[in-house]
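Structure, as structure tokens:
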Amino acid sequence: MKRNENHGPSPMKEMARVKLAGFGVALLISGFVLLAYQAFSLRSALTADATVQADMVAENVSASVLFDDVRTAQETLHSLRNVPYIESAAIYTSVGRRLAAYERPGLSNQERFEANPANVETRNRRLLFDDVFVTSSIKQNGKTLGSVVVVATTTQIAAELLHFAVFIVAASLCALWIAFVITSRMSARIAQAEKKLEYLASTDPLTGLPNRRAFYDALTERLQREGQGCARAALILVDLDDFKNVNDTLGHGAGDELLKHVAAELRQSVRVSDLVSRIGGDEFAVLVAIAKEKAEGIRTAERIASALARPFDLPRASIVASASVGVSVYPDDAADVAALVSSADIALYAAKSTGKNAAVEFHASMTVEARRRARLETELRKAIDEDALSLVYQPQFSCRTGRILGVEALARWVHPVDGEISPIEFVPVAEDSELIVALGQWVLRRACRDAARWNAQPGVALHVAVNVSARQLRQAEYSEDVIAVLADSGLSPHLLELELTESQLMANMTAGIEAMRQLREAGVRLSLDDFGTGYSSLSYLQSFPVNNLKIDRAFVKPLPQAGQPIVTAIISMAHSFGIAVVAEGVEDAAQLAWLADAGCDIVQGYLTGRPMPFERITDLLRNESEYEDSEPLV
Amino acid sequence: MWALAASACAEMRAHAQVDLYSLEAAYIYNFTEFTEWPATPAGSATLTVCVGAHSPLGAALAKLDGRAVSAKTLSVKPIPDGAALAACNVLIVDDAASNAVTKAAPGRDLPMLVVRTADADAGEGRYIVTLFREGDRLRFDIDNTEAVHRHLGLSSKLLRLARNVT
């Protein structure tokens, strides 16, 4: 736009000029039409007037003609001198004798004798500005005595038309000027509005960066331009880690503030000519021109990741906004826009799954992984629908009595082609989509059904632990669903234990606590999984209605040689809140002995029991009831 | 018909020695064109011009007998006596006898266009139109008062052509 203004007329002004020319032509045509109409009507009015004059003369001179009185005839004709448009007039007898004539002074010889009946017929077919010839016959008592011929000049008409034309031209010019002023103002406004709309449509209002649409347009355009030049360009996708947490814990104002800081930081970490855009809620895209080698792409990405991994000062808090960054380089990694974007996306996904705050470069193998994930997702959906998954249960034993207290339900998937697929692989796939809700529901339903069957045997009170995902907690009707499943299966609510992780709770504070409270009221037990790995805020333990704490296997593994203080601390803390402690990942006897000694309530692990199918648990229960006085585990 | 009269005029102008009588007859004929008589109950279809029996003008007028004058037919007759005078629409005075008719009891008030010829040897009297010669032209005076007295309407066009209007 600016260049246009400097180098020539803008299309808008050009358009206004073209329109104005159109107006001008229209006015010109209408002016001509008006003039022509005016000329014709003036001429016919003149003809009518002249005819009236001729008629009056004819009426008055009948006696003069009859008595051959030239003098009175002349007098009558001379009365015409008061009529300005009459050039000459003459009275002819019926035999064609010229009885009397009148001429306006200053006529040429030719004009003086124009007033002749012979001229009337021929002359009146002449042009618009020729003299008007009219005749009127002199009659007395029905007898024609002669005729009067009057010649009227059109000089006055011409003068009048000239005035009229001048007036029309003046009015047209005035109208054109007004139209020009109005159209140029209007087009200026339209241009302004268009600019504003364009700005609004292509800009993210919060950060002032180009939005997704504008970014993709620019990306397409730049790739097309560089397609010929063989220059490289790196597409860097940036996704803030845990941005939702910032929004949830500090409010949207702080989230917006953080986004602004990030936008500014991104803008600073690349060249002015590089493109920075906010393409989604907490997603940014950067297009960087690469001068030499491909590695520049990942180096820029790493620079961005480290630039963002520093505390940002917000009005109420200082936040470390770590980001995951994915890079894809054109034309090495992808040949077109769509492929470039999707490969950068895959790299970003890889960055997120390798742990956060990382920059990852795209590799062709990632596509394979991404495809596998996509395929797994489809097939997992099918498997859930077709009930092709199965559950295994890992028993949990009381350290004190050695008796089996409960089982943790774990999903297993045997793929018809790929064989057994680990939950470590398919659960994240489900987590990335809404599939986790269906999966969780399926596990809950199946686990409750199985548990109800075990507990139907006399003397058995075995609880079943089911893992809950964050997405499930976000479902509005989650607690109602759980209660409905319990009612369906007939399992007593206090035999169901839902396992959540701390980070899930933090991410869903309000909704999560409310759902948990409702479930607790219904009698369902809750346990906090992976305790000690996350934020481990003690206030949660107080405000949160938890029955069990599960010590993460990471803390159990080094036991009993190392790591005792933290486990001891967790156990004593849990106990002081009145919460039972479950140690998972117990793999050797020494660990078990130490844990029992430290006061751990429940153990779970390969040592005491691997995950096993429904029937094996049934057997286990049967055996246990046979040996009623079973030994303590240690 | 007018063409005849007009051509007569033209000839008179062209040649000085023309028959004065036929010119006078044409004038008299033309006067009737501009004169309105009061409507008669009978609605007579003739316009009677009364002229002295042996008058030379009578012969010229006789040539116009039977001509149409504004939907009427011109009829030239000798001046009758007494009550029959009422039938005359135009009375030509060219001698003492005809002049006497205009002054006598019935003729004095009748609606007659009284025309005195140019060379009349008639003495004083009241005439509506008095013809006279002016150079080689024949002209006339009009006594409109007498016309009103006789209930005749003379056209203003005619009045305008008169030398004097009284």
Side-chain angles (χ1 to χ4, degrees), chain A residues 51-83 86 89-102 113 115-118 120 135-150, chain B residues 1-15 18 22-37 47 64 67-74 115 118 129 131-142 153-165:
Chain A
T51 308
V52 168
Q53 295 294 341
D55 287 347
M56 268 164 58
V57 170
E59 180 68 19
N60 285 329
V61 296
S62 57
S64 311
V65 173
L66 210 51
F67 289 99
D68 198 30
D69 194 331
V70 175
R71 198 178 50 81
T72 44
Q74 205 77 47
E75 273 172 15
T76 310
L77 277 186
H78 268 273
S79 68
L80 292 177
R81 71 181 178 279
N82 294 324
V83 185
I86 289 179
I91 296 168
Y92 289 86
T93 64
S94 60
V95 293
R97 189 167 58 85
R98 189 179 171 103
L99 186 66
Y102 158 80
F113 297 100
N116 190 311
V120 174
T135 182
S136 177
S137 50
I138 303 166
K139 285 185 176 172
Q140 181 63 39
N141 289 340
K143 285 171 283 192
T144 303
L145 311 179
S147 59
V148 175
V149 176
V150 169
Chain B
M1 181 154 37
W2 150 246
L4 282 175
S7 59
C9 289
E11 276 163 30
M12 177 256 175
R13 279 177 63 82
H15 316 285
V18 289
S22 51
L23 184 61
E24 278 182 333
Y27 265 51
I28 288 162
Y29 174 80
N30 285 347
F31 290 147
T32 61
E33 296 268 12
F34 296 96
T35 308
E36 270 184 50
W37 280 266
L47 187 82
L64 299 176
R67 297 270 170 95
V69 179
S70 43
K72 288 182 178 179
T73 312
L74 194 75
V115 181
V129 179
L131 290 165
F132 61 91
R133 268 198 273 203
E134 188 181 86
D136 60 346
R137 282 188 56 107
L138 189 64
R139 297 204 62 189
F140 52 89
D141 290 334
I142 289 177
L154 295 183
S155 164
S156 64
K157 295 175 193 170
L158 185 64
L159 297 181
R160 224 173 46 191
L161 300 183
R163 186 188 60 177
N164 292 313
V165 178

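Throughout, a chain's letter reflects where its sequence line sits, starting with A, and its residues are numbered from 1. The structure presented is a predicted model; accordingly, all values stated were derived computationally and were not measured.
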Reported [atom1]-to-[atom2] distance for the pair [X] and [Y], which is rounded to 0.5 angstrom:
{"X": "B:K157", "Y": "A:D69", "atom1": "NZ", "atom2": "CG", "value": "14.5 Å"}
{"X": "B:L138", "Y": "A:D68", "atom1": "CG", "atom2": "CG", "value": "11.5 Å"}
{"X": "A:L66", "Y": "B:Y29", "atom1": "CG", "atom2": "OH", "value": "8.5 Å"}

- [ ] Please state whether the side chain, the backbone, both or neither of A:T93 comes within less than 4.5 Å of a heavy atom of chain B.
- [x] neither
Task: Part of A:T76 lying under 4.5 Å from any heavy atom of chain B - done: side chain
- [ ] Could you label the plane-to-plane angle of the A:F67 and B:F34 rings as parallel, tilted or perpendicular, counting under 30° as parallel and over 60° as perpendicular?
- [x] tilted
Task: side-chain hydrogen bond (donor to acceptor under 3.5 Å, both in side chains) partners for B:E36, two or more places apart - done: none
TODO: Output all residues satisfying side chain to side chain contact (heavy atoms under 4.5 Å, CB included) with A:K139, sequence neighbours left out; order by chain, then residue number.
DONE: A:S137, A:T144
- [ ] Inspect the contact between B:R160 and A:E75 and indicate whether a charged nitrogen and a carboxylate oxygen are less than 4.0 angstrom apart.
- [x] no
Open item on the list: Is B:F140 close to chain A through its backbone or its side chain, or both, or neither, when contacts mean heavy atoms under 4.5 Å?
Closed with: side chain
- [ ] Specify the closest pair of heavy atoms between B:L158 and A:A63, including all atoms of both residues, with the distance to one decimal.
- [x] N-CB, 4.2 Å
